[in-house]
Amino acid sequence: MENLPRHVGVIMDGNGRWAQLRGLKRIEGHRRGAERAKDIIRASLDLGIEVLTLYAFSIENWQRPEDEVSTLMELLEVYLSRELIDLINEGIRFRVIGNIERLPLQIQHIIRDAEKLTETNSRLTLVLALSYSGRDEIVRAVKKIVKAGLEPEEINDGVFDSFLDTKGLPPVDLIIRTSGEMRISNFLLWQGAYAELYFTETLWPDFTKEEFMLAIQDFQRRERRFGTVLSS
Ligand code: FPP
């Protein structure tokens, strides 16, 4: 249990391919993917990880065919409303990062309620990245800083951090991406400056708790220097 990552981010990729390989509709892959997400949330709780951020919908995903976007939104709504009670009972704190105003109003309300209801929970913080892109988050942070009227000399790393959607959360230590793609794709660009990366060929609907454990163990063996040298 030594050297556990405090904050794990996951790019849940490969749902569409998983479904297509089986002759199923893409949304079936997303359904199965949502089930896997539950397993990984539970594993994170068991391990005592502080923060788990799941990349569920990127800003770029809005450009997918309308029926895929709307079914994903429906899936999300059902998922959020049905699983919410479990989140509260398990002591999970829930947060969403991203350009929430673009989401359907009903989902915005569920998110706000869930964040409020769970804000004093102190076990795992579960962060969903929805309608999210790292560049968009950074641009929105800059706009907030300008609106707040800060002087240039008042701005530093820590101050900038507090204008991001992830305000108050530790930087991401480990980013896992499934399905063989080796890219960051606009995920936690600022927060992941020193993140360790873990890539696997496994498609997200096949990503088990056991493989999650392997990724954590892999992280535990890594030597993190943050740009410095280790003292001997
Ligand atoms: C990437 O697979 C996955 C997504 C765009 C959506 C992720 C959504 C879920 C796992 C369901 C909702 C989850 C929660 C936690 C509410 P892809 O469609 O890009 O796959 P492909 O690259 O094979 O096409």
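Remember, predicted model here, so these are calculated numbers, not experimental data. For ligands, and for the atoms within them, numbers begin at 1 and follow the listed sequence.
L189 and I176 fall into different hydrophobic clusters, where Ile, Leu, Val, Met, Phe, Trp and Tyr side chains are chained together by heavy-atom contacts under 4.5 Å. Residue I97 is not grouped with residue L174 when hydrophobic side chains (ILVMFWY) are merged at heavy-atom distances under 4.5 angstrom, including chains of intermediate members.
R17 and S179 form a side-chain donor-acceptor contact under 3.5 Å, judged by distance and modelled atom types alone.
Remark: among candidates G180, A37, A34, S179, the nearest residue to atom 15 (C) of ligand 1 is A37, based on non-hydrogen atoms. Looking at M12, R64, K38, it is R64 that brings a heavy atom closest to atom 17 (P) of ligand 1.
Nearest to atom 10 (C) of ligand 1 among the protein's heavy atoms is N15 ND2, 3.4 Å. Atom 11 (C) of ligand 1 has its closest protein heavy atom at H30 O, 3.6 Å.
Distances between N or O atoms of D13 and those of ligand 1 include at least one value under 3.5 Å.
Y132 and F187 have perpendicular rings, their planes meeting at more than 60° on a 0 to 90° scale where under 30° would count as parallel.
With H7 as reference, T53 is the one residue of T166, T53, T125 to meet the side chain to side chain donor-acceptor pair (under 3.5 Å) rule.
Taking every non-hydrogen atom of L76 and a distance limit under 4.0 Å, the qualifying atoms of ligand 1 come out as 16 (C). Of all the atoms in ligand 1, the ones that sit under 4.0 Å from a non-hydrogen atom of A56 are 6 (C), 7 (C), 8 (C). For ligand 1 and Y79, the ligand atoms under 4.0 Å from any heavy atom of the residue are 15 (C), 16 (C). Residue R17 approaches ligand 1 through these ligand atoms, each under 4.0 Å from one of its heavy atoms: 21 (P), 22 (O), 23 (O). Short contacts between ligand 1 and N61, defined as distances under 4.0 Å to a heavy atom of the residue, involve ligand atoms 5 (C).
A34 and Y79 get closest at one heavy-atom pair: O-CE1, 3.5 Å. A pairwise comparison of heavy atoms in Q220 and L4 identifies NE2-CD2, 4.0 Å as the closest pair.
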Report, one line per pair, each donor and acceptor closer than 3.5 Å where one atom sits in a side chain of residues 23-33; sequence neighbours left out.
unit_1: R26; atom_1: NE; unit_2: E68; atom_2: OE1; d: 2.8
unit_1: R26; atom_1: NE; unit_2: E68; atom_2: OE2; d: 3.4
unit_1: R26; atom_1: NH2; unit_2: E68; atom_2: OE2; d: 3.3
unit_1: E28; atom_1: OE2; unit_2: R31; atom_2: NH1; d: 2.6
unit_1: H30; atom_1: ND1; unit_2: N15; atom_2: ND2; d: 3.0
unit_1: H30; atom_1: NE2; unit_2: E68; atom_2: OE2; d: 2.9

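Ligand 1 has no atom lying under 4.0 Å from any heavy atom of E181.
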